[in-house]
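Have a look at the structure below, then the notes.
When a ligand or atom number is given, it counts from 1 through the structure's own listing order.
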Amino acid sequence: MATEVRAGDLAIGIDFGGSGIKGAVVDIRTGQLAGDRIRVPTPQPSVPREVVAVMDGLVRRLVEPLVGREEAPLSAAVAGDLPVGVGIPAATRGGTVLTAANIDSAWIGFQAEREMSLAMGRTVAIGNDADLAGLAELRFGSGRRQRGTVIVLTIGTGLGSALFADGRLLPNTEIGHLELNGRDAEERVAESARDRLGLSWQAWAAGFDKYLHLLERLFWPDLFILGGGASKRADNYLQYLTVKTPVVVATLKNNAGIVGGALVAHEKRSREAVSGTGEHIA
Ligand code: BGC
């Protein structure tokens with residue numbers, strides 16, 4: 001860890017995906033990871049109790065190497081107090097999970113922020129995974145200083161979305177579930193759909209392009225930012241897209257969710273410091 005890192009700028013980000021749970025300690029001033037990124041498989045079935053236990057173990061593994069090292073050691077007390085932000089692949093409000101498209105349905109109604117905080121003994125903030133990835137892209141990545149309407153899409157197991165107007169997020173847009181050719185767009189356009197349907201990149205891109213045209217007609221965005229797993233392979237399909245709106249690839253790629261998690265964790269910690277309470281403030 002670089003010596004200029006200040007403990008007060010560190011937070012832990014976790015990205016809960018259909019197949020893996022990834023996390024890292026992040027320096028929220030720079031958006032850089034301040035330690036190793038660790039990925040563990042998502043328990044199957046992905047019921048809340050199992051997932052929370054895996055996340056707790058992950059957090060311990062992330063923090064361990066930062067304590068008591070020669071260069072810039074964190075005290076055990078500081079390390080034990082780092083806040084955690086978790087991106088959930090679902091709509092969330094007031095710390096509670098509201099939907100479950102690609103995770104176990106037991107998540108619906110689960111008070112994740114409270115339960116995770118109790119399990120980990122830390123401040124925990126949750127949010128929709130694509131919203132958190134979008135926040136990170138607008139702060140540190142391809143959407144930096146971008147005004148107007150920006151749509152960030154995360155293309156992975158599901159199709160996530162984050163909608164920004166002049167840098168402000170409208171949370172839980174869930175436009176990955178808009179209807180496309182009479183079906184849920186995610187079923188045709190998510191990265192998992194390409195594998196499941198055995199599509200070539202060109203064939204997949206034709207459906208994705210239709211979807212982008214639909215968003216273009218509904219939102220008139222100034223910019224599309226493509227993130228998630230498929231952003232790593234954008235060279236395979238960018239040339240097939242015909243929308244007029246500029247399309248760029250997410251700079252933070254698969255780390256955006258982790259970095260965004262750390263951002264909301266740090267914000268929650270700051271609010272607690274102001275209000276003097278650990279309660280969730282909507
Ligand atoms: C969920 C979204 C999520 C996206 C990406 C969708 O199926 O409905 O909430 O952001 O997958 O994980």
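Judged by distance alone, the side chain of Ser46 and the main-chain N or O of Asp104 form a donor-acceptor pair under 3.5 Å. Of the possible donor and acceptor atoms, one in the side chain of Glu113 sits under 3.5 Å from a partner among the backbone N and O of Ile126.
Checked against Pro89 for a side chain to side chain contact (heavy atoms under 4.5 Å, CB included), the options Val97, Thr42, Asn102, Asp129 give a single hit: Asp129. With Ile12 as the fixed residue, the side chain to side chain contact (heavy atoms under 4.5 Å, CB included) test singles out one of Ile258, Val86, Val84: Val84.
Atoms of ligand 1 found under 4.0 Å from any heavy atom of Glu186, numbered from 1 in the order shown, are 6 (C), 7 (O), 11 (O). Listed by number with element, the atoms of ligand 1 under 4.0 Å from a non-hydrogen atom of Asn128 are 2 (C), 3 (C), 9 (O), 10 (O). Of all atoms in ligand 1, listed by their number and element, those nearer than 4.0 Å to a heavy atom of Ala101 are 7 (O), 8 (O). Atoms of ligand 1 found under 4.0 Å from any heavy atom of His177, numbered from 1 in the order shown, are 1 (C), 6 (C), 7 (O), 8 (O). Those atoms of ligand 1 that come under 4.0 Å of a heavy atom in Gly160, given as number and element, are 4 (C), 5 (C), 10 (O). Atom numbering of ligand 1 starts at 1 in the shown order; those under 4.0 Å from a heavy atom of Glu174 are 1 (C), 2 (C), 8 (O), 9 (O). The distance from ligand 1 to the heavy atoms of Ala90 drops below 4.0 Å at these ligand atoms: 9 (O).
Relative to the ring axis of Trp201, Arg233 does not place its NZ or CZ within 45° and under 6.0 Å from the centre.
Within the structure, ligand 1 lacks Thr99 among the residues with a heavy atom less than 4.0 angstrom away.
Here the side chains of Ile225 and Val249 are not in contact, with every heavy-atom distance at 4.5 Å or above. Considering only heavy atoms from C-beta on, Glu137 comes within 4.5 Å of Leu252 through its side chain.
Nearest protein neighbour of atom 5 (C) of ligand 1, counting heavy atoms only, is Asp129 OD2, 3.4 Å.
Residue contacts with ligand 1 for Thr157 are absent, since no atom lies close enough (heavy atoms, distance under 4.0 Å).
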